[in-house]
Amino acid sequence: MSSALLADLRARGLIFQIAGEDDLPGWLDSGVRTLYCGFDPTADSLHIGSLVPLLMLRRFQLAGHRPLALVGGATGLIGDPSFKARERQLNTADVIAEWVDKIRLQVSRFIDFDAGPVSAEVVNNLDWTRDMSVLTFLRDVGKHFSVNAMIQKESVKQRIERDGSGISFTEFTYMILQSYDFAELNRRYGCGLQLGGSDQWGNITGGIDLTRRMYGEQVFGLTMPLITKADGTKFGKTESGTVWLDPARTSPYAFYQFWLNTGDVDVYRFLKYFTFLPVADIDALERADAERQGRPEAQAILAREVTLLVHGEAGVQAAQRITEALFSGALEQLSAGDLAQLRQDGLPATTLDPDTLPSTLTQLLTESGMASSGKQVKDALGRQAVTINNRSLGWEDNDRIAACFNPELALHGRYYVTRLGKKKYHLFELG
RNA sequence: GGAGGGGUUCCCGAGUGGCCAAAGGGAUCAGACUGUAAAUCUGACGCGAAAGCUUCGGUGGUUCGAAUCCACCCCCCUCCA
């Protein structure tokens, strides 16, 4: 059964490297195994970069194993230098503790805590490092590490060799801390497999070595590939920044839109990475899309599936409702209730006070967050790329803001659906 | 502590007294073409509606004029002790 899991993961392209490759299938097949993946609190929310590992834990759980999600209350205090170009700024312990709590909750929605012998658990590495003394650490843990080997690790090599940026002892030590996590989880839970992104290879093998040295146990490591886009730009970023899992940071609508905008070249690969749809189905979809004229179906399925995983059915409903209303262009068909709902569902919105309107559109649209500078608005206006309730505006309308928001033009007397470019929507509502 | 190299607009990276709001590339935004795609082409890209205002690690100084010269300071890197 578990060998089947590995085969599926391989078919999905989710396996980058395996440590202990020959013995891993047998180990997995011979019973319920405990595995873990760590998530460091570098912000108060995870972003979609953590999605692959989170779903990975779930894949293992569905295959009959027990996942541990480690939240790095301790490692988050230090900062992982792996493949980072420069030293990072430390955050205070209070801040990290706060983030740990939030991330613990976030992580929890992806794994099942009530699944009998394979029930998941969230652990925090601060629990076993907080009270450890420096001397104990140096004597019992540090002694197992060779600095000669550590500086050879690819993940820190650049930092050690490269001109213009070095590495502090603090960050250099990160690997030892994470390695100790693996050993400790092995001791406490019998945990025998660590998952991580491909950038974690060095840290994972460090943990494997330490576990062997401290407890004589053979443990395994598995890394997932870095998610890339075919055009070479960074995955997981949009014009408005990182795509977060927290709906307060990235609304389900924005989240849905992110996936809907996936390029054709990437979408089938992403379906394999980010959904639980069978590989055969995804391949069939790809063939069907190839024969179809025009727009493929894959993006809509991807957007639906991933939004469902992260934001639930209600999130999908909201996202689709907004998408349909806006992109069909049939604004006049929306009832007042629909518009109020859109706002509640996460469509960016601003309440306008007719008496204190700014004097220009550039100002209003910048302040509302639709554009990052007046120049952009100016450019868009000059190209007829701004519309209010489907009425196109030009540069000459910039200072005729009262006319643009004339109550007679409002939907249901108070709503203005404003669009900048093809995809950026904002709802203005008279207060 | 000593010697050397370096800190430029989101990123990389030119610029070494005026023609510099600062080349070029990337990223980003908008338009055309489309399928809310890709590729391509076009425009924008410090802030500002404009007048104009504020930038080149920091603070002072030289000069009619400084990212460019000088002084001091801060930070980073390399080598030596």
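Chain letters run A, B, ... following the sequence lines, proteins first and then strands; every chain starts at 1.
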> Taking the six-membered ring for Trp, is the centroid-to-centroid distance between A:Y174 and A:F145 below 6.0 Å?
Replying inline: no
> Between B:C29, B:A30, B:U36, which nucleotide has the shortest distance from any of its atoms to the side chain of A:Q376?
Replying inline: B:C29
> Is A:D44 salt-bridged to A:R249, cutoff N-O under 4.0 Å?
Replying inline: yes
> Does any residue of residues 342-353 of chain A have a heavy atom under 4.0 Å from RNA chain B, and if so, which ones, in number order?
Replying inline: none
> Using atom C1' of each nucleotide, how far apart are B:A67 and B:G7 to the nearest Å?
Replying inline: 12 Å
>> Between B:C45 and B:U55, how many Å separate the two C1' atoms, rounded to a whole number?
In response: 16 Å
> On a plain distance test, is the side chain of A:Q299 in donor-acceptor contact with the base of B:U36 below 3.5 Å?
Replying inline: no
> In whole angstrom, what separates A:D379's CG from B:G43's P?
Replying inline: 12 Å
> When the P atoms of B:A21 and B:U68 are considered, how many whole Å apart are they?
Replying inline: 14 Å
>> Using the P atom as the point on both nucleotides, what is the distance between B:G58 and B:U9, in whole Å?
In response: 10 Å
>> Need one value for A:Q384: base, sugar-phosphate or nothing, where a base atom within 4.0 Å counts as base even if backbone is also close, heavy atoms only.
In response: nothing
>> With rounding to the closest Å, how many angstrom separate the P atoms on B:G17 and B:G13?
In response: 23 Å
> Under 6.0 Å between the ring centres of A:Y36 and A:F182?
Replying inline: yes
>> Can you work out whether A:K229 or A:P296 has the more 5'-proximal nearest nucleotide on RNA chain B?
In response: A:K229
> How long is the span from the CG atom in A:L222 to the CG atom in A:L9, to the nearest 0.5 Å?
Replying inline: 7.0 Å
> According to a strict under-4.0 Å criterion, is A:R383 in side-chain N/O contact with OP1 or OP2 of B:G43?
Replying inline: no
> A:Y416 and A:F405: ring-ring contact (aromatic ring centres under 6.0 Å, His included), yes or no, with the steps?
Replying inline: CA-CA 8 Å; A:Y416 302 91; A:F405 289 95; 4.8 Å; yes
>> I'd like to know if A:D264 reaches the base of B:G35 with its side chain such that a donor and an acceptor end up less than 3.5 angstrom apart.
In response: yes
> Rounding to the closest angstrom, what is the interatomic distance between B:A39 and B:C33 at atom C1'?
Replying inline: 11 Å
> What nucleic acid atoms does A:L420 come within less than 4.0 Å of, heavy atoms only: base, sugar-phosphate, or nothing?
Replying inline: sugar-phosphate
Hey, what are the protein-to-nucleotides 47-52 of chain B N/O distances that come in under 3.5 Å?
residue: B:G48; atom: OP2; partner: A:G374; partner atom: N; Å: 3.1
residue: B:G48; atom: N7; partner: A:K375; partner atom: NZ; Å: 3.3
residue: B:G48; atom: O6; partner: A:K375; partner atom: NZ; Å: 3.4
residue: B:A49; atom: OP1; partner: A:T362; partner atom: OG1; Å: 3.0
residue: B:A49; atom: O4'; partner: A:N398; partner atom: ND2; Å: 3.3
residue: B:A50; atom: OP1; partner: A:K378; partner atom: NZ; Å: 3.0

>> Looking at B:A44, which nucleotide sits across from it as a Watson-Crick or G-U wobble partner, both distances under 3.5 angstrom, or is there none?
In response: B:U28
>> Once ring-ring contact (aromatic ring centres under 6.0 Å, His included) is applied, do any residues pair with A:H144, and if so which ones, sequence neighbours excluded?
In response: none
> How about A:W201 and A:F16: are their ring centroids closer than 6.0 Å?
Replying inline: no
> Sub-3.5 Å donor-acceptor pair from the side chain of A:Q178 to the main-chain atoms of A:I204, do we have one?
Replying inline: no
> Is there a Watson-Crick or G-U wobble partner for B:A3 with both distances under 3.5 Å, and if so, which one is it?
Replying inline: B:U78
> In whole Å, what separates the C1' atom of B:U42 from that of B:A22?
Replying inline: 24 Å
>> Partner lookup for B:A50, please. Criteria are Watson-Crick or G-U wobble with both distances under 3.5 angstrom; report none if nothing qualifies.
In response: none
>> Need the pair for B:C69. Rule: Watson-Crick or G-U wobble, both distances under 3.5 Å, any strand; none if unpaired.
In response: B:G61
>> Whether the side chain of A:K422 and the base of B:U34 hold a donor-acceptor pair under 3.5 Å is what I'd like checked.
In response: yes
> Roughly how far apart, to the nearest Å, are B:A50 and B:A32 at atom P?
Replying inline: 23 Å
>> Suppose we define a pair by two distances each less than 3.5 Å, Watson-Crick or G-U wobble; what does B:A39 pair with here?
In response: none
> So which heavy atom on A:L352 is nearest to which on A:P354, and how close?
Replying inline: O-CD, 3.6 Å
